[in-house]
Protein chains: 2
Amino acid sequence: MSAPPRAWETVLQSIELDLLSGRLRPGDRLPPERALAVELGVGRSSVREAIRVLEVLGLLRTSAGSGPGAGAIIVALPGGGMSALMRLQVAARGFPVADVVKTRLVLEASVVTELAEASARADSTMVASASLRPNLRAPVQLLGAMDSPALTEAEFLALDAEFHLALAEASGNQVVTATMAGLRSAIEGYARAGATSLASWADTSTRLRAEHRAIVAAIEAGDAPAARSLVHDHIAGYYAETHQAHHRPARTADASGYPVAR
Amino acid sequence: MSAPPRAWETVLQSIELDLLSGRLRPGDRLPPERALAVELGVGRSSVREAIRVLEVLGLLRTSAGSGPGAGAIIVALPGGGMSALMRLQVAARGFPVADVVKTRLVLEASVVTELAEASARADSTMVASASLRPNLRAPVQLLGAMDSPALTEAEFLALDAEFHLALAEASGNQVVTATMAGLRSAIEGYARAGATSLASWADTSTRLRAEHRAIVAAIEAGDAPAARSLVHDHIAGYYAETHQAHHRPARTADASGYPVAR
DNA sequence: GGTGGGATGTGGTCTGACCACATGCTAGCG
DNA sequence: CGCTAGCATGTGGTCAGACCACATCCCACC
């Protein structure tokens with residue numbers, strides 16, 4: 001009837017079931033490839049293909065050698081896998097840059113809203129306000145790093161992307177954090193490509209620095225609407241500035257721009 | 001210095017570069033595995049591992065046989081890959097269900113806002129309003145399918161998840177659509193798990209049907225704030241109803257429910 | 001008791017072989 | 001001359017076996 005499952009899919013499914021049932025948990029080690037192969041009745045190469053997939057997806061980490069710490073270990077770090085997926089999809093024209101930017105706007109607006117609201121809650125609480133207050137140490141530190149005048153454009157933009165990712169991390173939502181991590185390389189890509197069309201990089205980077213500080217200030221003040229609008233303008237502003245007219249036609253050989261005869 | 005790249009990583013990188021440079025585009029066929037292997041100076045199994053990864057990520061589709069249509073073909077369909085990633089991460093406890101729900105709230109609120117605004121724009125435009133108006137045929141059709149009284153809970157919830165995904169598709173944002181597609185199986189999972197704790201499935205499903213219709217109506221009326229709040233209440237309401245008290249302890253052996261002595 | 005080197009177990013890779021399947025060509029038949 | 005059955009070919013899917021590099025562990029030797 002339906003397509004017979006390929007051998008590596010059997011392996012993948014078996015591991016997934018073990019995860020769902022709790023037989024495998026983060027920190028556990030997978031059985032050796034050779035053992036899995038005989039246990040599931042498949043060849044070792046099929047086991048390896050499944051493990052490779054899980055590794056790229058961020059589910060596990062492999063290392064050679066012997067003893068504890070070696071072998072395939074469940075880690076469940078979604079960032080890497082999401083990042084690879086987004087990067088490759090953008091490379092294969094699966095994800096238009098405009099959609100990446102729109103998604104950024106939505107996610108980051110939500111992130112700063114949550115952070116600002118958490119700050120406000122912490123302010124209105126007497127006790128333990130330090131523990132309720134979101135931890136902005138990482139983003140603030142990146143703010144400082146971005147002040148260095150010796151930075152190249154690429155270095156600055158890398159720190160910029162990291163700053164936005166650090167905000168997402170601070171919000172504590174792991175799905176959003178992983179998605180932002182995935183978007184990150186795509187973001188860096190379009191930011192760098194667009195930077196060449198700027199009138200003055202010095203002016204723009206100064207503006208970006210100020211906008212970052214304003215966003216953090218709004219979060220710490222617990223002003224969610226302000227944080228939301230600041231982050232929206234920050235992202236949309238840069239994108240509009242760098243990608244206004246040139247939508248890169250680059251379709252096929254027939255990119256002459258002339259109307260087709262027919 | 002840094003770790004030497006593993007053979008399959010070289011293959012992956014080579015294909016990624018071909019995608020970025022435009023040497024490979026959607027619809028193209030990859031060279032045969034054996035040819036790639038000799039070209040890159042690696043074994044065929046390493047090529048296969050890289051191809052497997054790309055396949056799971058939704059970058060390409062493989063099929064045996066000969067002639068056009070066979071082989072590995074670039075497709076760039078992000079849904080499948082995202083779905084596998086999210087499903088496995090949830091299975092491995094990488095993504096808490098609460099974060100999945102929060103992310104749903106953010107993304108779906110944005111989706112219906114955009115749809116409603118597009119509707120409003122279409123209303124205020126004289127010409128070609130039909131083409132500007134978002135295409136809600138697919139979600140509306142699912143609404144009809146969900147009316148069937150013969151549906152089991154699982155079937156209803158599957159249609160429900162599909163309805164929400166169809167809304168995302170209608171919004172046209174491919175990144176959001178792919179993310180929702182990824183969230184979909186996780187959503188179905190928690191929805192089904194929670195359904196067992198409902199007082200009356202008949203009542204709840206009737207309410208869900210009505211809420212769906214109200215959301216579509218608000219979109220078609222171009223009322224973005226209403227659509228936003230309706231979809232928020234719809235999702236948050238069901239989640240609260242089904243996951244209020246029991247955070248599924250199921251941690252380890254000590255799931256007795258008794259307070260620990262200490 | 002300390003230490004160095006081999007034994008062991010693991011992933012990483014390659015080679016070669018065979019199978020299943022889809023296509024395309026060709027020889028043979030009507 | 002045209003059609004069709006069946007073989008040739010090219011592709012992915014899988015397996016088995018071998019070897020390497022590496023990390024650890026253990027034991028004999030000093």
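Chain identifiers are assigned alphabetically (A, B, ...) following the order of the sequence lines, protein sequences preceding nucleic acid strands; residue numbering begins at 1 within each chain. Note that these values count all heavy atoms, side chains included, but never hydrogens, waters or copies made by symmetry.
A 4.5 Å side-chain heavy-atom check between B/Arg184 and B/Met180 finds every atom pair outside the cut-off. Contact check for B/Glu108 versus B/His164: side-chain heavy atoms found under the 4.5 Å cut-off. Taking the side chain as every heavy atom from C-beta outward, A/Leu107 and B/Leu107 approach each other to under 4.5 Å. Taking the side chain as every heavy atom from C-beta outward, A/Asp160 and A/Tyr238 never approach each other to under 4.5 Å. A 4.5 Å side-chain heavy-atom check between A/Leu36 and A/Glu33 finds every atom pair outside the cut-off. The shortest side-chain heavy-atom distance between A/Arg25 and A/Ile74 does not fall under the 4.5 Å cut-off. Looking at B/Leu30 and B/Ile15, their side chains come closer than 4.5 Å, going by heavy atoms from C-beta outward.
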Check: In the 5'-to-3' direction, what one-character label does each nucleotide of nucleotides 13-25 of chain D receive under the scheme B = base within less than 4.0 Å of a protein heavy atom, S = sugar-phosphate only, - = no such atom?
Finding: BBB--BB--BBSS
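Contact detail for A/Val100 and A/Ala186: the closest heavy-atom pair is CG1-CB, 4.3 Å.
Note on ring orientation: taking the six-membered ring where Trp is involved, the planes of A/His212 and A/Phe156 are parallel (angle under 30°, cut-offs 30° and 60°).
End-to-end axis angle of the helix from C/dG1-D/dC30 to C/dG30-D/dC1, using five pairs per end and rounding to 10°, comes to 20°.
We find that B/Arg52 and B/Glu49 are not joined by a salt bridge, their nearest charged nitrogen and carboxylate oxygen being 4.0 Å or further apart.
Sorted by residue number, the list of members of residues 72-80 of chain A with any non-hydrogen atom under 4.0 Å from DNA chain D is empty.
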